[in-house]
K.L.:
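Here it is, the structure, as structure tokens.
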Amino acid sequence: MNRPRPARRPHRPAQHPPAGTPGAAASGPAARGDDRHGDDRHGDGRRAGAGSPAARTGAAVALVLAAVCYASWLLGPVLNPGLRPVESYLSELAARDQPYHLVFQLGDVTTGLCAAVAGLLLARWARGVPRPAWWGLLVFGVATAVDGGWTSMDCAPSVDARCARLEELGDLSWRHQAHTVTSSVAVAGALLSLVVILAVLRGPARRRAGLVVAVVLAVGTVGTLVAALRPEFGLGLWQRTQLTGLSGWLLLTAAVARWGPR
């Protein structure tokens, strides 16, 4: 016995809600998780690619501490007034035969360790700045820590004629002779980092701050190189200008680490 076939229901096309209705918004790119046309933010409001906020904040704090410790040379006239600011290397404050040399060595070691830790954190977690900026910071940190902890000078040639003579003859320890190498590597790392940061800075205020730091550091570095050949040109003053620029670079880097170049 044949059963009657059920009546077919007429085919109705799928209904799409008109644009502007809540259903239309739910079926758009946002419902599919497609954020390519958005403002590049995560669901918690944090910019995509900003990196870890905790790591950036920790690195910024470490860099501020590094900048403060790197300015320990300001205690020189109080702790060691025998060294002449116009003629003496700042590294002579940490020479092993000078009074309170451990204070200045500790300042350099602390600076180096803080900068190295910040460089590692930023290279791993930060975004928005090319990594060579953080590599340069890491090189500066390691070289400065080695400079203060292992390759400090034996004596102060600017105030000790015998020390100056032994230095000319190359009869001082390997640590004294290696001091020039570690110091130069530290400055080279800082210059690399600063150049990369300057290239990505945005906003007139940050660019002006970056240019001021760059000018001070460049003038101090060039002046130090010239005065190293002609100490009568005020070697001490030029090197103090250089270290002022380096402390400024550390503070600028702290700001970029915390808030980004933009």
Side-chain angles (χ1 to χ4, degrees), residues 62-119 137-191 217 220-221 223-225 227-228 231 234-251:
L63 287 169
V64 171
L65 179 60
V68 172
C69 292
Y70 207 50
S72 62
W73 59 270
L74 294 173
L75 299 174
V78 177
L79 299 181
N80 191 353
L83 290 178
R84 298 183 290 269
V86 178
E87 302 174 6
S88 299
Y89 275 112
L90 283 171
S91 301
E92 294 181 71
L93 291 169
R96 288 185 293 276
D97 69 339
Q98 294 300 301
Y100 299 103
H101 64 95
L102 291 178
V103 173
F104 303 103
Q105 288 181 357
L106 180 61
D108 284 349
V109 171
T110 304
T111 296
L113 293 178
C114 287
V117 169
L137 176 62
L138 177 61
V139 168
F140 167 83
V142 172
T144 301
V146 172
D147 197 43
W150 289 277
T151 62
S152 56
M153 301 174 72
D154 292 339
C155 50
S158 68
V159 294
D160 185 343
R162 179 176 178 276
C163 177
R165 180 59 178 169
L166 290 175
E167 188 177 54
E168 291 179 359
L169 296 174
D171 288 341
L172 295 175
S173 71
W174 68 268
R175 294 186 296 180
H176 184 102
Q177 298 178 38
H179 174 78
T180 301
V181 177
T182 53
S183 297
S184 300
V185 170
V187 174
L191 290 173
L217 181 54
T221 301
T224 300
L225 292 174
L235 173 63
L237 291 179
W238 290 116
Q239 196 184 28
R240 283 159 176 80
T241 301
Q242 182 188 48
L243 263 69
T244 299
L246 289 171
S247 290
W249 158 69
L250 288 169
L251 292 175

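No experiment lies behind these values; they were computed from the predicted model shown. Only heavy atoms go into these numbers, but all of them, side chains included; no hydrogens, no water, no symmetry mates. Residue numbers run from 1 in the order of the sequence given.
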K.L.:
Distance check, rounded to the nearest 0.5 Å: Leu235 atom CG versus Ser88 atom OG?
P.N.:
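Nearest 0.5 Å value for the CG-OG distance: 8.5 Å.
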
K.L.:
Could you report the tightest heavy-atom contact between Leu138 and Ala116, atom names first, then the distance?
P.N.:
CD1-O, 3.6 Å

K.L.:
Rounded at 0.5 Å granularity, tell me how far NE2 in His179 sits from OG in Ser152.
P.N.:
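Reported value, rounded in 0.5 Å steps: 8.5 Å.
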
K.L.:
State, without any angle test, whether Thr151 and Thr182 hold a side-chain donor-acceptor pair at a distance under 3.5 Å.
P.N.:
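Looking only at side-chain atoms, Thr182 and Thr151 do form a donor-acceptor pair, the distance falling under 3.5 Å.
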
K.L.:
How long is the span from the CG atom in Leu74 to the CG atom in Leu243, to the nearest 0.5 Å?
P.N.:
9.5 Å

K.L.:
With a 4.5 Å limit on heavy-atom distance, are the side chains of Leu90 and Phe104 in contact?
P.N.:
no

K.L.:
With Thr110 as reference, evaluate Asp108, Leu113, Leu106 under the side-chain contact (heavy atoms from CB on, under 4.5 Å) test and give the passing residue.
P.N.:
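Testing Thr110 for a side-chain contact (heavy atoms from CB on, under 4.5 Å) against Asp108, Leu113, Leu106 leaves exactly one candidate, Leu106.
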
K.L.:
Evaluate the side-chain proximity of Glu167 to His176: yes if any heavy-atom separation is below 4.5 Å, no if none is.
P.N.:
yes

K.L.:
Identify the two heavy atoms, one from Gln105 and one from Ala94, that lie closest to each other, and give their separation to 0.1 Å.
P.N.:
NE2-O, 3.0 Å

K.L.:
Keeping Gln177 on the side-chain end and Gly170 on the backbone end, is there a donor-acceptor pair under 3.5 Å?
P.N.:
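Judged by distance alone, yes, a pair lies under 3.5 Å.
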
K.L.:
Using side-chain contact (heavy atoms from CB on, under 4.5 Å) as the criterion, point out the one residue from Thr144, Val139, Asp147, Thr180 that pairs with Val185.
P.N.:
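For Val185, the side-chain contact (heavy atoms from CB on, under 4.5 Å) test succeeds with only one of Thr144, Val139, Asp147, Thr180, which is Val139.
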
K.L.:
Heavy atoms, side chains only, cut-off 4.5 Å: are Asp160 and Asp97 in contact?
P.N.:
yes

K.L.:
Give me the atom names and distance for the closest heavy-atom approach of Cys114 to Ala62.
P.N.:
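Where Cys114 meets Ala62 most closely, the heavy atoms are CB-O, 3.4 Å.
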
K.L.:
Roughly how far, to the nearest 0.5 Å, is CG of Leu63 from OG of Ser247?
P.N.:
11.5 Å

K.L.:
Exactly one of Val187, Leu191, Leu250 should register a side-chain contact (heavy atoms from CB on, under 4.5 Å) with Phe140. Which one does?
P.N.:
Leu250

K.L.:
So, do Trp249 and Leu137 sit near enough that their side-chain heavy atoms are less than 4.5 Å apart?
P.N.:
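Side chain of Trp249 against side chain of Leu137, heavy atoms only: contact under 4.5 Å found.
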
K.L.:
If you compare all heavy atoms of Thr111 against all heavy atoms of Tyr70, which two are closest, and at what distance to 0.1 Å?
P.N.:
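Closest approach of Thr111 to Tyr70, heavy atoms only: OG1-N, 3.1 Å.
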
K.L.:
Flag yes if more than 12 heavy atoms outside Trp73 fall under 6.0 Å of its CH2 atom; otherwise flag no.
P.N.:
yes

K.L.:
For the OG atom of Ser184 and the CG atom of Leu225, what is their distance to the nearest 0.5 Å?
P.N.:
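So the OG of Ser184 and the CG of Leu225 are separated by 8.0 Å.
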
K.L.:
What's the shortest heavy-atom distance between Cys69 and Gly107, and which atoms?
P.N.:
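Residues Cys69 and Gly107, closest heavy atoms: CB-O, 3.7 Å.
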
K.L.:
Under a 3.5 Å cutoff, is there a donor and acceptor pairing between the side chains of Gln242 and Thr221?
P.N.:
yes

K.L.:
Could you check whether the SG atoms of Cys155 and Cys163 sit less than 2.5 Å apart, since that is the cutoff I want to apply?
P.N.:
yes

K.L.:
Decide yes or no on side chain to side chain contact (heavy atoms under 4.5 Å, CB included) for Val86 and Arg84, but give the supporting numbers first.
P.N.:
CA-CA 6 Å; Val86 178; Arg84 298 183 290 269; 5.6 Å; no

K.L.:
Decide yes or no for Leu83 and Gln98: does some side-chain heavy atom of the first lie under 4.5 Å from some side-chain heavy atom of the second?
P.N.:
yes

